[in-house]
Amino acid sequence: MKDYFCAEISESQLNKTITTCGWVATRRDHGGVIFIDLRDHTGILQIVCNPDNKKIFSIAERIRSEYVIQITGKVTSRKKGAVNKDLSTGTIEVVVDKLEILNHSKNPPFKVNDDETNEDQRLQYRYMDLRNFNMQKNLRFRSNLIKLIRNFFYDRGFIDIETPILTKTTPEGARDYLVPSRIHTEKFFALPQSPQLFKQILMIGGFDKYFQIAKCFRDEDLRADRQPEFTQLDVEMSFIEQQNIMRLCEELFSIIFKDLLNIKTKLEFDILEYNDAMNEYGCDKPDLRNPLKLIDIKKILKNIEFKVFSDHVNNKNSRITALKIPGGCTLTRKSIDDYTDSIKKFGAKGLAYIKCENINDIEKGIISPIKKYISKDILQDIIKITDAQSSDLIFFSADKACIVNESMSYLIQRIGSDLRLLKDEWSFTWIVNYPLFKLDAQTKKYTSMHHPFTSPQNIEDLDSEQISEIKSKAYDLVLNGNEIGGGSIRIHNKDVQNKIFKLLGLNDKEIQNKFDFLLNALDYGCPPHGGIAFGIDRIVMLLLGLPSIRDTMAFPKTQSSSCLLTQAPSHVDKEQLTELSIKTLNKK
RNA sequence: GGAGGCGUAGUUCAGUUGGUUAGAACGCCUGCCUGUCACGCAGGAGGUCGAGGGUUCGAGUCCCUUCGUCUCCGCCA
């Protein structure tokens with residue numbers, strides 16, 4: 001039906017007669033001559049309908065926005081004054097001598113390339129929104145990324161294996177999406193949160209290099225970077241160490257950046273220990289483009305009487321940190337109040353600060369509402385340990401460690417971006433040496449930091465009393481402050497796996513019910529193995545600088561997990577439920 | 001489960017202290033127009049102010065409930 005895409009037509013086809021198809025972006029009717037901007041994913045081409053061909057002209061008069069048309073005509077160069085510099089095809093136009101309307105369109109609910117359209121409109125009429133050049137770009141980039149990933153792994157001897165979507169519910173982790181079984185009354189499948197156990201079993205099955213672009217499902221609340229169904233690059237290998245996986249991933253991202261973003265410079269991958277990350281940044285996904293860091297000042301304050309600090313000085317679970325903001329004296333009272341307010345959602349009670357207008361004049365050069373509670377010596381120590389210069393501002397946070405960490409890591413991010421402190425670069429950071437367990441604040445039970453199949457660094461540690469001190473062979477990859485992937489070396493020994501389940505508080509019966517198949521499989525010659533998984537949607541979002549992973553998906557869901565295009569989820573017929581032996585509760 | 005923002009024409013939005021007939025831009029329709037490119041000009045149509053309730057002589061505006069959407073907290077091994 002066509003020889004070229006719209007924007008493929010250029011001066012190289014000058015005076016040739018070509019055929020192309022597309023959507024009508026705009027029509028400009030001058031009475032005597034009609035211009036049509038014809039659009040496809042490549043761009044826009046101006047076509048000209050002259051009145052001398054009455055048949056064509058009358059068709060052109062009936063054409064409206066988003067009509068699908070086919071045109072044949074001669075590629076003509078535009079006169080000097082008529083060149084449009086904003087179009088890649090702006091030096092030429094096609095003079096039509098055949099024009100066919102392939103399909104009509106209702107008047108569109110919004111202009112296709114108007115980027116002000118509200119998202120609910122875009123999602124309801126997603127087929128219109130997908131014609132937008134940005135969505136075309138995003139989804140085509142995503143496709144190229146997946147193609148590159150597949151080739152990368154195929155080239156290195158990896159096997160792409162599909163794992164079930166209908167599978168078994170797993171305890172811990174996220175809430176499962178459940179699918180009722182018709183044949184097995186009162187039993188349910190679960191959609192996979194990840195192919196974790198299947199890929200481990202593939203290792204036992206002798207596929208020593210596996211990968212998959214896998215759909216995963218988690219029934220949890222949504223965020224800009226979280227959807228109920230999302231796509232992971234899932235990788236697993238046998239007979240490898242942590243280093244092998246890390247080097248492989250670094251190679252993958254180097255190629256992605258070179259081939260897809262045309263970034264040729266060698267990517268640096270920082271490595272940070274989990275404990276250091278928490279101490280310096282208050283979180284396990286720091287953005288190392290940001291120069292702001294936390295400094296512990298508990299020791300300096302050990303003799304202070306000021307209650308805000310003294311309450312926490314001798315509390316093991318508390319943390320007291322300083323955050324120096326270079327040039328922060330320019331911050332207004334209003335913005336400091338804003339920052340103080342913004343960290344209250346993490347449970348922080350307040351945000352003390354001192355302005356170091358002149359560090360050589362403690363009397364007049366240091367200004368702070370809390371100055372009267374702090375001795376000169378301590379002030380000097382604080383200035384020294386933070387290496388504060390004149391015009392810097394120092395924030396203080398004293399509270400339970402988790403509150404300090406959450407609020408201050410938020411503040412680091414917020415101020416870093418407000419004051420434009422971030423370096424303009426891509427920052428990859430591996431976080432390693434994670435704890436194996438974390439204590440759930442509500443249930444007071446230990447849960448896995450990564451997942452229950454993660455290998456401890458030393459098996460003997462499992463017998464120690466200090467469970468929270470046990471380190472794991474887990475690793476996360478962080479890009480510009482976003483967790484894009486994580487993995488671990490897995491447990492390949494049945495006894496070790498059993499021990500972990502026990503430490504997690506599972507009894508024999510639960511272990512049997514939930515993980516019998518895994519433990520059995522471990523009994524039949526499981527090779528040492530490990531792997532990693534990456535969030536494809538998140539990677540596309542970051543690489544393209546998008547505000548949400550919804551813009552990386554053709555058909556995403558809203559924050560309340562509904563699809564505005566199809567109106568899913570929806571009620572089902574009673575017959576369907578009966579067949580599944582399901583009765584709904586009338587919740588009011 | 002919680003906090004906050006938004007919801008007014010097809011779309012994006014304005015709407016003052018509660019006050020007469022709810023506006024703009026774009027889009028749409030009709031007419032004019034042979035070089036525009038967000039064409040232009042003239043005219044026109046188009047509103048359950050998300051829904052329900054309340055206060056009031058009077059509600060787009062105030063109050064309550066509710067729905068939708070977005071951001072965040074909790075949650076997300």
Side-chain angles (χ1 to χ4, degrees), chain A residues 25-39 44-52 57 64-66 76 78-87 89-90 93 95 106-125 128 170-176 193-194 196-197 216-228 230 341-348 403 406-407 410 414 434 436-438 440-442 445-454 472 474 483 486-488 500 504 533 535 547-548 550 557-562 564 567:
Chain A
T26 52
R27 186 186 69 115
R28 291 177 294 278
D29 184 347
H30 286 247
V33 60
I34 295 173
F35 298 99
I36 290 171
D37 284 349
L38 193 63
R39 184 195 64 234
I44 286 192
L45 172 71
Q46 173 164 285
I47 65 171
V48 188
C49 304
N50 287 314
D52 33 312
F57 197 75
R64 293 292 179 273
S65 290
E66 301 307 321
T76 317
R78 297 200 198 180
K79 282 174 191 154
K80 267 182 192 168
V83 167
N84 185 347
K85 285 174 194 163
D86 297 332
L87 287 185
T89 57
E93 62 194 8
V95 181
K106 280 174 79 171
N107 188 37
F110 51 81
K111 206 165 162 43
V112 161
N113 274 301
D114 177 6
D115 294 327
E116 301 298 307
T117 310
N118 282 332
E119 202 170 357
D120 49 351
Q121 288 291 323
R122 294 176 50 204
L123 293 179
Q124 187 184 342
Y125 299 94
M128 307 294 295
T170 50
E172 303 199 45
R175 198 175 291 115
D176 281 323
Q193 296 177 27
S194 82
Q196 181 60 35
L197 292 178
C216 304
F217 307 85
R218 293 177 190 177
D219 187 4
E220 295 294 346
D221 285 350
L222 284 74
R223 292 283 188 282
D225 62 351
R226 270 161 41 188
Q227 283 272 308
F230 60 100
D341 267 351
S342 71
I343 60 168
K344 287 189 175 156
K345 64 187 172 197
F346 301 102
I403 291 178
E406 281 168 22
S407 52
Y410 170 82
R414 171 91 188 270
Y434 274 86
L436 189 59
F437 300 110
K438 62 167 187 255
D440 187 304
Q442 281 164 5
K445 277 186 180 171
Y446 281 102
T447 60
S448 293
M449 189 87 176
H450 187 57
H451 57 50
F453 321 108
T454 303
S472 74
E483 184 202 325
S488 62
I500 297 284
L504 291 170
S548 151
R550 292 187 297 276
K557 303 207 170 22
T558 68
Q559 191 159 42
S560 59
S561 247
S562 53
L564 296 180
Q567 296 295 321

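Naming: A, B, ... by sequence-line order, numbering from 1 per chain. Since we're looking at a predicted model, the values are computed, not measured.
- Pro109(A) comes within 4.0 angstrom of sugar-phosphate atoms only, judged by non-hydrogen atoms across all strands, and of no base.
- The base of rC76(B) does not come close enough to the side chain of Arg218(A) for any donor and acceptor atom to sit less than 3.5 Å apart.
- Side-chain contact check for Asp176(A) versus Gln193(A): some heavy-atom pair is nearer than 4.5 Å.
- For rA3(B), the paired base is rU71(B) (Watson-Crick or G-U wobble, both distances below 3.5 Å).
- Gln121(A) has a side-chain polar atom (N or O) that falls below the 4.0 Å cut-off from OP1 or OP2 of rU11(B).
- If you check every strand for non-hydrogen atoms under 4.0 Å, Thr170(A) touches nothing.
- Nucleotides rC37(B) and rG50(B) have their P atoms positioned 37 Å apart, rounded to a whole Å.
- A distance of about 8 Å separates the C1' atoms of rG15(B) and rA22(B), rounded to the whole Å.
- Taking a 6.0 Å sphere around NZ of Lys445(A), one finds it holds 12 or fewer heavy atoms contributed by other residues, nucleotides or ligands.
- Comparing the P positions of rC6(B) and rC13(B) gives an interatomic distance of 12 Å, to the nearest angstrom.
- Atom P of rC73(B) sits at a distance of 38 Å from the matching atom of rG60(B), rounded to the whole Å.
- As rounded to the nearest Å, rU12(B) and rU30(B) have P atoms that lie 25 Å from one another.
- Rounded to whole Å, the separation between the P atoms of rU8(B) and rC62(B) comes to 16 Å.
- Using atom P as the reference point in both rG10(B) and rG19(B), the two lie 25 Å apart (nearest Å).
- Contact annotation: side chain of Gln124(A) to base of rG68(B), donor-acceptor pair absent below 3.5 Å.
- Remark: side-chain polar atoms of Arg175(A) are paired, donor with acceptor, to backbone N or O of Asp219(A) under 3.5 angstrom.
- Ranked by how close their nearest RNA chain B nucleotide is to the 5' end, Asp37(A) and Pro547(A) are led by Asp37(A).
- rG1(B) sits 25 Å from rC63(B) when the C1' atoms are compared, rounded to a whole Å.
- The side chain of Thr26(A) contributes an N or O atom lying less than 4.0 Å from OP1 or OP2 of rC39(B).
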